[in-house]
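This report refers to the structure that appears directly beneath it.
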Amino acid sequence: MIIHKNFVGGNIKIVSQDENTVYVENEMRDTNKGVDWFYWAFCVEGAQGQTVTFRFQKNRLGYFGPAVSHDLKTWKWLGSCGENEFTYTFGINETKVYFAHDMLYHPDRFFAFAAEKGLTLQEFCKSKRGRPVPYFTIGKGKRKVILSARHHACEATGNYVLEGVLDEWLKAPIADTEILCVPFVDLDGVLDGDQGKERAPFDYNRDYRMEEPSIYPETAKIREYVEKNGCQYGFDFHSPWHIGGSNDHAFIVHKLFTKTDRLRAFGSLLEEEITPTSFAYQTKDDLPFMEEWNLPSTCFNTYMISWKGNEVAFSFETSYYGTPENPISQDNMIELGRCFARAFKRYVQEKEGRIPLSQA
Ligand SMILES: [Zn+2]
């Protein structure tokens, strides 16, 4: 049996191993000291016919055990696990099995989607580690919309939602509108399997200090675009913390108090657009400004919503697992994105320019 991380998104350290039990830990890499994060993903080869238990630190497994895949494309939940461990019996034909904290979103999936839809990806910039970072634009017009995901490398659920948004958008675009889409902002982290949240000295989503230049090439380019073109709408797709409470839902993160009424209006439209096959969303799960961890901070969200002429901007968080009543799947995250695009279209048609700033 070989356990390794030699694939896109791989992240694991084998601490010790006896006959049928493997003790593993995730790698924190350049995460700021004192920050505990939970992302891991590994591959097991050559374990056919064996039953093996994988034991972790605390807070590494969700309600349904690990996500399991044989090709890094299709992911299913194992379905159960112990408190900090799961056990897997490898079938006689299971030569290679991937296990991960959540349902990974491989960049190749996005490239295949883009090719199918006729989207032309171009090089936005070179990443810190020298890779070409893809982006594309759709449409032309005065209304500038920024769509992004993976400011935090491990937050794969955001990519599924983004794919759904684009899928719906392409079927029914809004006139006079240009979308700038950067699907993998921290591309290096996505490919190398970094968790990416709270990187030292600060992570990609914190790289929006108004008075300071960006330290990451991707965020510098996003800001350059905004400074040149503006940003009427900015939607940044994330995953929240590991599990529990608000982390089990999809929710809009409200920044500042000035656009609360607009954010609520968007949320109400999204709630109306949710279909039975979508991951559920309810406005009551939205995170108001100054509650829980949502304090004033330097981030994409604050930067865009503060931009002159911005109508509305927010981070949209989608749980890694959901709940037993509303479990995450690849399909229902994509459908959530389609619902999001329909809500956005309605917002533009029914609300844009009509909701005054709050007086708070
Ligand atoms: Zn995030």
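Read the numbers this way: they start at 1 and go in the same order the structure lists the ligands and their atoms.
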Quick check, are the ring centers of Phe251 and His238 under 6.0 angstrom apart?
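Between His238 and Phe251, which both carry aromatic rings, the centre distance is not below 6.0 Å.
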Tally of protein N/O/S atoms under 2.8 Å from the Zn ion (ligand 1)?
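For the Zn ion (ligand 1), the figure is 4.
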Hey, what's the ring geometry for Phe113 with Phe110, parallel, tilted or perpendicular (30° and 60° as the breaks)?
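Phe113 vs Phe110 ring planes: tilted.
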Give the ring-plane orientation class for Phe257 versus Phe289, where under 30° counts as parallel, over 60° as perpendicular and anything between as tilted.
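Geometry flag for Phe289 against Phe257: perpendicular rings.
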Taking Lys345 first and then Glu168, would you say they form a salt bridge - that is, a charged N and a carboxylate O separated by under 4.0 Å?
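Salt bridge flag = no for Glu168 with Lys345.
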Can you pull out every side chain to side chain donor-acceptor pair (under 3.5 Å) where at least one residue sits in residues 61-73? Sequence neighbours excluded, please.
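Listed by first then second residue: Tyr63-Asp248, Ser69-Asp71, His70-Glu94.
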Between Phe340 and Phe266, does a ring pair (Phe, Tyr, Trp, His ring centres under 6.0 Å) hold up when you go through it step by step?
CA-CA 9 Å; Phe340 188 101; Phe266 194 109; 5.1 Å; yes
